Amino acid sequence: MKKLFYIDYPQEHFEGQAHRYRCAFCKQETTKINGRLEGHLASCEFRIAMEKVGFECNQNLPRQSLETTDEED
């Protein structure tokens, strides 16, 4: 089973940052997760729970690198 986006995980706010959030379990930033199950660490409780109920990672899909997004216009 696959979902297009996995956005129903618990998030927490970065201290002192107005618009930065991360997963409450694996501490990966939401922009790195990018709505994908494989964006969470393999040891993340949310990812493990979703995989146990039958959801799959979309590992074959290419992901845009967020680090070079603004380098070229």
Side-chain angles (χ1 to χ4, degrees):
M1 212 173 1
K2 290 184 182 179
K3 289 167 77 174
L4 189 56
F5 293 102
Y6 298 87
I7 56 172
D8 54 344
Y9 57 93
Q11 299 178 20
E12 60 187 24
H13 202 104
F14 272 94
E15 187 71 30
Q17 301 287 321
H19 302 288
R20 289 181 67 195
Y21 293 89
R22 62 184 174 195
C23 173
F25 296 117
C26 66
K27 308 300 185 207
Q28 289 283 35
E29 192 167 356
T30 55
T31 55
K32 184 170 182 169
I33 293 171
N34 200 26
R36 306 284 185 205
L37 194 56
E38 64 272 13
H40 292 271
L41 296 177
S43 60
C44 179
E45 292 179 39
F46 173 77
R47 179 175 175 172
I48 292 169
M50 295 300 282
E51 290 174 339
K52 278 186 181 180
V53 296
F55 288 100
E56 303 170 10
C57 291
N58 297 319
Q59 298 204 22
N60 294 334
L61 295 176
R63 290 188 58 192
Q64 180 182 10
S65 174
L66 297 175
E67 297 166 7
T68 60
T69 310
D70 292 333
E71 288 182 9
E72 297 179 21
D73 287 331

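The structure presented is a predicted model; accordingly, all values stated were derived computationally and were not measured.
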> Roughly how far, to the nearest 0.5 Å, is CE of M50 from SG of C44?
Replying inline: 10.5 Å
> Take atom CD1 in I48; do more than 12 heavy atoms of anything else shown fall under 6.0 Å from it?
Replying inline: yes
> Knowing that exactly one of Q11, E12, E29 qualifies, which makes a side-chain hydrogen bond (donor to acceptor under 3.5 Å, both in side chains) with R22?
Replying inline: E12
> So how far is it from N34 CG to Q28 CD, rounded to the nearest 0.5 Å?
Replying inline: 12.0 Å
>> Is there a path of hydrophobic side-chain contacts, each under 4.5 Å between heavy atoms of I/L/V/M/F/W/Y residues, joining F25 to F55?
In response: yes
>> Quick one, D8 and F46 - any side-chain contact, counting heavy atoms below 4.5 Å?
In response: yes
>> Does any part of the side chain of L37, heavy atoms only, come nearer than 4.5 Å to the side chain of E51, both counted from C-beta?
In response: yes
> Is it the case that one hydrophobic cluster holds both V53 and F5, taking links as side-chain heavy atoms less than 4.5 Å apart, direct or via other members?
Replying inline: no
>> Nearest 0.5 Å, please: how far is OG1 in T30 from OH in Y21?
In response: 9.0 Å
> Counting distance only, does the side-chain N/O of R36 pair as donor-acceptor with the main-chain N or O of L4 below 3.5 Å?
Replying inline: yes
> Looking at the rings of Y9 and H40, which for Trp means the six-membered one, are their centres under 6.0 Å apart?
Replying inline: yes
